[in-house]
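Okay, structure first, notes after.
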Amino acid sequence: MTELLEGTVDVRTGADGQPVAIRNGSVWGRVAEVVNTWRVETDWWRTPVGRDYVRCLLNDGECVDIYRDLETGDWHRERRYD
């Protein structure tokens, strides 16, 4: 089962730009593994959407999808997997 999430999230990245920690409330969770990455670029004929998605396995066993908006650079929460 998955839970859709929304809103921005604080993310610490390594030298390669990949997430190494994600903040959940007041607690930082370490990224144990980046499982997958992909880019979405769509709707160029209207308002362009460009996002770099990252699926992260956190050190507490939680799996989350986050994305970085290519225009603003902001990180957003997308989904949490059970």
Q. Do the side chains of Val34 and Asn36 get nearer than 4.5 Å, heavy atoms only?
A. no
Q: For residues Trp38 and Asp65, determine if any side-chain heavy atom of one lies less than 4.5 Å from a side-chain heavy atom of the other.
A: yes
Q: Show your reasoning for whether salt bridge (Lys or Arg N to Asp or Glu O under 4.0 Å) applies to Arg80 and Asp82.
A: CA-CA 7 Å; Arg80 182 179 66 84; Asp82 289 341; 3.2 Å; yes
Q. How far apart are the closest heavy atoms of Cys56 and Ile66, and which atoms are they?
A. SG-CD1, 4.3 Å
**Q.** Shortest non-hydrogen contact between Arg39 and Asp52, atoms and distance
**A.** NE-OD1, 2.6 Å
Q: Kindly indicate whether the side chain of Leu58, heavy atoms from C-beta on, has any atom under 4.5 Å from the side chain of Val31.
A: yes
Q: Check Asp69 against Thr72 and note the closest heavy-atom contact, atom names and distance.
A: OD1-N, 2.9 Å
Q: Looking only at non-hydrogen atoms, find the nearest pair between His76 and Val9 and report the distance.
A: C-CG1, 3.9 Å
Q: Could you tell me the separation between the CD atom of Glu78 and the CZ atom of Arg51, rounded to the nearest 0.5 Å?
A: 6.5 Å
Q) Donor-acceptor pair, Arg46 side chain versus Pro48 backbone, under 3.5 Å? A) no
Q: Take Gln18 and Val54 through the test side-chain contact (heavy atoms from CB on, under 4.5 Å) and record every step on the way to the result.
A: CA-CA 8 Å; Gln18 293 297 309; Val54 183; 4.1 Å; yes
Q. Just wondering, more than 12 heavy atoms not from Asn24 lying within 6.0 Å of its CG?
A. no
Q. Rounded to the nearest 0.5 Å, how far apart are CD of Glu33 and CG of Asn59?
A. 12.5 Å
Q: Using modelled atom types only, decide if a donor and an acceptor are shared between the side chain of Arg77 and the backbone of Glu6 within a distance under 3.5 Å.
A: yes
(Q) Is it the case that over 12 heavy atoms from other parts of the model lie below 6.0 angstrom from the CD atom of Glu71? (A) no
**Q.** Shortest non-hydrogen contact between Arg55 and Cys63, atoms and distance
**A.** CG-SG, 3.7 Å
**Q.** Geometric class of the Tyr53/Tyr67 ring pair [parallel <30°, tilted 30-60°, perpendicular >60°]
**A.** tilted
Q) Do Ile22 and Trp75 touch side chain to side chain, with heavy atoms closer than 4.5 Å? A) no
